[in-house]
Amino acid sequence: MRYPFSEVEKKWQSYWEENKIYKTNLSKKENKLYCLVMFIYPSGAKLHCGHWYNYGPTDSWARYKKLKGFNVFEPIGYDAFGLPAENYAIKTGIHPYDSTMKNIEDIRVQLKNMGNMYDWDSELMTCVPEYYKWNQWLFIQLYKKGLAYRKNAPVNWCPSCQTVLANEQVLADGSCERCGTTVIHKNLTQWFFKITDYAEELLSGLDKINWPEKTKLMQRNWIGKSTGTEVKFKIEGHEEDITVFTTRPDTLFGVTYVVLAPEQPLVEKLTKPEYKEQVHAYLDSVKSLSEIDRTSTTKEKTGVPTGSYAINPVNGEKIPIWVADYVLATYGTGCVMAVPGHDERDFEFASKFNLPIRKVILAPGTKEEDPLNEAYTEVGKMINSGSFSGIQSDKGIDALSDFLEQEGKGKRKTNYRLRDWLISRQRYWGTPIPVIHCEKCGEVLVEEKDLPVELPYNVEFSTSGKSPLTTNKEFMNVTCPKCGGEAQRDPDTMDTFVDSSWYYFRYLDPHEHDRMFNKKLSDSWTPVDMYVGGAEHATMHLLYSRFIHKFLRDLGMAHSDEPFSNLIHQGTITNQGAKMSKSKGNVVNPDVFISKYGSDVFRLYLMFMGPYEAGGDWSDTGITGVDRFVQRSYDIFLRFENSVINNPAPDKFDVRSLSEEEKSVYRKINQTISKYDEEINNFRFNTAVASLMELINELSKNLEACRPALQSYVLERFACLLAPVAPHLGEECWHMIGKKGSVFEHANWYAVDPEALTVDRVTVAVQVNGKLRATIEVPAENDQESVKALAFSADAVKKHIDGKTVVKEIYVKNKIYNIVVK
RNA sequence: GCCGAAGUGGCGAAAUUGGUAGACGCGCUGGACUCAAAAUCCAGUCUGGUUCACCCCAGGUGCCGGUUCGAGUCCGGCCUUCGGUACCA
């Protein structure tokens with residue numbers, strides 16, 4: 001009989017929902033396990049295979065933990081604000097609120113068909129005032145602590161569309177994706193969160209969490225701590241100094257020019273009148289270049305002199321000041337001292353513009369008069385460096401730093417590559433910023449009692465250069481909370497990463513009215529025990545949420561230092577080599593597979609495809625394999641359900657009393673539990689499913705020859721192994737053998753009988769010079785001498801050692817016997 | 001460019017501390033069952049050579065080199081593909 005997946009899945013889904021099987025008792029914190037997937041971004045109308053790949057296997061892991069006795073909390077929600085809904089509105093005229101709500105409804109239906117054990121009472125979405133009110137509250141707290149501030153920052157500006165573009169909307173050649181016009185950078189006053197205040201702790205905290213090493217490494221590099229020295233260069237004919245940051249003060253005597261980033265405010269002041277035209281033309285030419293292009297080491301260096309000169313603080317030398325786009329305004333001071341002899345980029349630049357290249361570090365084994373054909377960036381003996389000549393350059397770093405500090409010409413400094421978090425968006429579909437601008441009082445916070453600042457429904461999307469919110473006068477025009485005079489709301493909205501940086505707290509009680517979240521619950525349920533989501537979030541979402549978590553801790557609202565104790569990245573499911581996304585039009589809709597094979601088969605297939613953290617290119621060949629597995633499993637239960645119902649299983653069997661077939665089955669079921677346990681626990685679903693396939697192969701062959709009590713022993717265990725990876729089938733099989741209720745209602749995990757796993761004979765590979773020549777069977781208890789005798793007596797081995805001298809023998813117990821001959 | 005990964009049969013992959021490369025599955029080939037088909041079951045399936053066949057021999061984990069008794073695994077140098085690069089999330 002065909003396994004009636006459709007009926008079975010519907011039946012159990014209703015049973016789960018009616019009996020609230022997955023409602024987590026949050027007041028009970030013993031054995032708590034908070035299992036979280038990155039919430040859903042409902043920009044497409046439907047979930048695609050990539051979503052399933054994230055949610056299905058993670059749910060199987062959570063179910064496995066539930067069977068093992070954990071009190072599991074597995075919530076789901078929607079990260080509902082963001083750019084795509086707004087672009088969709090511009091294109092179609094459908095309001096973002098309407099399209100988003102419709103999408104969420106459709107997605108909810110799909111999620112219910114997946115049959116995951118979500119606690120639906122905790123469902124949340126970010127685009128409703130009851131949620132985003134707390135983004136505004138958070139903003140206010142950050143502001144009060146001096147961690148929210150405004151400054152100028154560039155945006156992508158399309159001069160033709162008169163609008164701000166996201167990086168994604170700028171094509172590779174720097175043109176606007178809508179009209180093809182070259183996009184330029186334009187400065188706007190924007191809000192920032194001061195994440196850099198937490199840079200040091202964001203770095204050191206990484207040592208305390210169990211995250212993939214690669215993710216921690218990416219965050220370390222992103223934060224980019226470097227210790228060095230700030231050095232002041234006087235400017236000829238100016239009061240002001242140029243301050244540069246360098247990690248190599250030992251090369252100061254080799255500085256032959258100074259470079260300013262094009263955006264550095266000093267550029268305007270230092271450019272001599274006769275150089276203005278050239279410099280302005282240069283600044284215009286770099287306006288449209290991306291940072292990636294500018295810092296590319298393969299791109300030819302460009303730059304212009306300002307006509308001004310700086311004075312090298314260590315030798316008083318007069319050196320030219322240039323402007324070049326390979327220096328970024330966002331790192332350090334936006335000014336660098338150029339040492340062409342010992343920095344690759346400076347070498348290239350100096351070579352091109354005929355600036356002097358001076359050797360001040362001598363590479364070991366070279367002479368002072370040898371020409372420098374490329375920058376030497378390693379340690380060596382300092383030369384041409386005044387009184388510092390002769391010392392090793394790594395010692396020279398400290399020596400020069402000390403000297404500069406004593407002379408008041410420099411100061412040791414720790415720099416971070418990490419930049420403050422720009423949260424302003426000149427868009428509609430996001431959280432309004434709770435600030436009012438008053439001509440008299442300046443920027444004034446909205447009072448907490450007046451929150452939320454509700455996002456108005458009626459705005460115009462296609463406007464010229466202004467945030468859409470400015471088109472709603474009723475929203476914009478307010479009275480100043482301080483002076484009562486006429487004032488205006490801030491027209492921008494917040495980056496959606498603000499929403500996602502604290503949602504895991506909110507799940508615990510998403511309808512809480514008076515607080516951001518319930519502290520009592522969060523103290524017992526956070527940090528999140530297992531967080532599963534894409535590696536593409538390594539440096540942004542996963543860093544922002546760590547920052548906000550630490551900030552909330554400092555407010556006394558959270559008791560832990562880190563939000564996510566354990567982290568796993570599922571791989572990306574690509575289609576035709578590209579990440580699935582609606583904009584690329586390459587999404588694979590899972591619904592067709594669900595209606596053809598059922599949710600369990602689809603989930604099993606995703607798990608079986610390959611290593612969870614690798615992902616892969618989508619292909620449905622092979623789904624029939626797991627479909628067959630499900631059918632064969634069902635068949636086994638159909639065949640033996642009656643003998644199981646009438647024959648209760650003992651806790652264990654005496655191995656010696658079993659027949660050969662029984663022994664084989666008994667061993668296999670115990671081996672499978674042991675292997676499966678280890679694999680699922682570590683998110684290795686593919687090999688866990690493979691172990692079940694091996695089990696079903698064994699059972700098809702030998703279960704019939706087993707006594708009913710052993711059949712019973714095997715099948716109740718098998719049903720529990722099926723339940724996490726194929727929950728509907730697991731429930732059904734559990735029922736077929738006479739069990740009551742849901743298998744997930746109680747801890748249901750069986751201990752392994754260690755007796756069943758012991759073997760008395762093992763196979764040892766015999767190698768000659770590392771090449772396999774024979775295999776021999778030996779007792780598991782053996783010594784080298786007894787194995788040696790057998791190894792040397794094998795014909796294939798004799799053939800390869802005859803007439804040669806044995807020089808070495810290596811025995812790795814119960815694995816390899818290697819004979820080395822000459 | 002920079003940061004982080006990955007590359008193994010016809011295909012998805014396995015091999016957890018360096019120890020028998022290819023578990024499990026797809027596909028394919030042959031067979032059984034059937035009037036026939038589907039479904040199911042059984043057997044075979046890394047490549048080349050030799051052989052009726054079993055065996056046996058040689059080669060083989062992106063490329064080049066190294067360490068080791070032994071390398072898919074460790075080291076150095078490349079190539080290709082993917083993720084991120086601060087306004088997609």
Side-chain angles (χ1 to χ4, degrees), chain A residues 2 38 41 43 79 81-84 87 155-156 164-170 190 212-215 217-218 220-222 224 290-299 330 417-427 495-497 499-500 534-541 543-544 569 571-572 574 577-579 581 583 605 608-611 613-617 619-626 628-629 631-632 635 678-679 682 684 686-687 689-694 697 700 763-775 796 799 807-810 812 815-821:
Chain A
R2 280 301 297 172
M38 288 182 185
Y41 192 67
S43 67
D79 186 12
F81 275 140
L83 178 68
N87 284 344
V155 292
N156 299 310
V164 175
L165 298 178
N167 289 341
E168 199 188 40
Q169 297 175 290
V170 181
Q190 309 194 69
E213 276 310 315
K214 62 162 187 169
T215 309
L217 188 56
M218 278 191 266
R220 282 190 193 104
N221 292 337
W222 186 261
S290 72
E291 217 163 85
I292 293 174
D293 290 333
R294 282 174 52 171
T295 52
S296 165
T297 51
T298 53
K299 178 194 150 249
T330 48
R417 213 180 63 93
L418 181 68
R419 313 208 284 248
D420 278 337
W421 175 11
L422 196 171
I423 60 129
S424 296
R425 298 292 181 271
Q426 293 69 46
R427 299 184 208 291
D495 179 6
T496 53
F497 278 128
D499 315 7
S500 57
E536 68 272 22
H537 293 292
T539 50
M540 302 189 75
H541 161 59
L543 197 61
Y544 294 142
H569 297 302
T572 316
T574 55
K579 194 174 150 184
S581 78
S583 59
Y605 178 60
F608 186 61
M609 265 173 60
E613 291 173 63
D617 205 49
S619 153
D620 58 7
T621 64
I623 197 165
T624 51
V626 287
R628 277 176 201 151
F629 165 75
Q631 181 64 41
R632 290 175 76 198
D635 287 343
E678 170 77 13
E679 302 292 57
N682 291 294
R684 289 190 293 261
N686 53 333
T687 45
V689 174
S691 76
L692 295 184
M693 288 175 170
E694 285 186 52
N697 288 344
S700 310
T763 309
V764 168
V766 184
Q767 301 181 333
V768 177
N769 289 347
K771 282 202 164 106
L772 179 70
R773 295 305 172 189
T775 56
K799 207 162 81 185
V807 295
K808 200 173 180 183
E809 289 166 56
I810 294 118
V812 181
K815 278 195 173 153
I816 291 275
Y817 200 99
N818 190 12
I819 302 160
V820 185
V821 295

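Below, chain A is the first sequence line, B the second, and so on; all start at residue 1.
- With a 6.0 Å radius and a threshold of 12 heavy atoms from other residues, nucleotides or ligands, A/K299 has its NZ atom above the threshold.
- In terms of polar N and O atoms assigned as donor or acceptor, the side chain of A/N818 comes within less than 3.5 Å of the base of B/rC69 in a complementary pairing.
- Remark: P of B/rC3 and CZ of A/R220 are 16 Å apart, rounded to the nearest angstrom.
- Formation of a donor-acceptor pair under 3.5 Å by the A/Y544 side chain with backbone atoms of A/W421 is not found in this model.
- Within 3.5 Å, no donor on the side chain of A/E291 pairs with an acceptor on the base of B/rC2, nor the reverse.
- Atom CZ in A/R419 sits about 14 Å away from atom C1' in B/rG84, given to the nearest Å.
- Note on A/E213: nothing from the nucleic acid sits closer than 4.0 angstrom, heavy atoms only.
- For A/N818 (side chain) and A/G770 (main-chain N/O), a donor-acceptor pair under 3.5 Å exists by modelled atom type.
- When rounded to the nearest whole Å, the span between NZ of A/K808 and P of B/rG19 equals 17 Å.
- Remark: side-chain polar atoms of A/N682 are not paired, donor with acceptor, to backbone N or O of A/R684 under 3.5 angstrom.
- For the pair A/E613 CD and B/rA6 C1', the computed distance is 13 Å after rounding to whole Å.
- OP1 or OP2 of B/rA86 lies within a sub-4.0 Å distance of a side-chain N or O belonging to A/N167.
- Contact check, A/N697 against B/rG25: a side-chain N or O comes under 4.0 Å of OP1 or OP2.
- OP1 or OP2 of B/rA89 sits under 4.0 Å from a side-chain N or O of A/T496.
- A/R684 has no side-chain polar atom (N or O) that falls below the 4.0 Å cut-off from OP1 or OP2 of B/rA14.
- Nucleotide B/rC2 forms a Watson-Crick or G-U wobble pair with B/rG84, both donor-acceptor distances falling under 3.5 Å.
- If you take CG of A/N221 and C1' of B/rG84, they are 12 Å apart, rounded to a whole angstrom.
- An OP1 or OP2 oxygen of B/rC87 is reached within less than 4.0 angstrom by no side-chain nitrogen or oxygen of A/R427.
- Contact annotation: A/R628 reaches the phosphate of B/rG27 (side-chain N/O to OP1 or OP2, under 4.0 Å).
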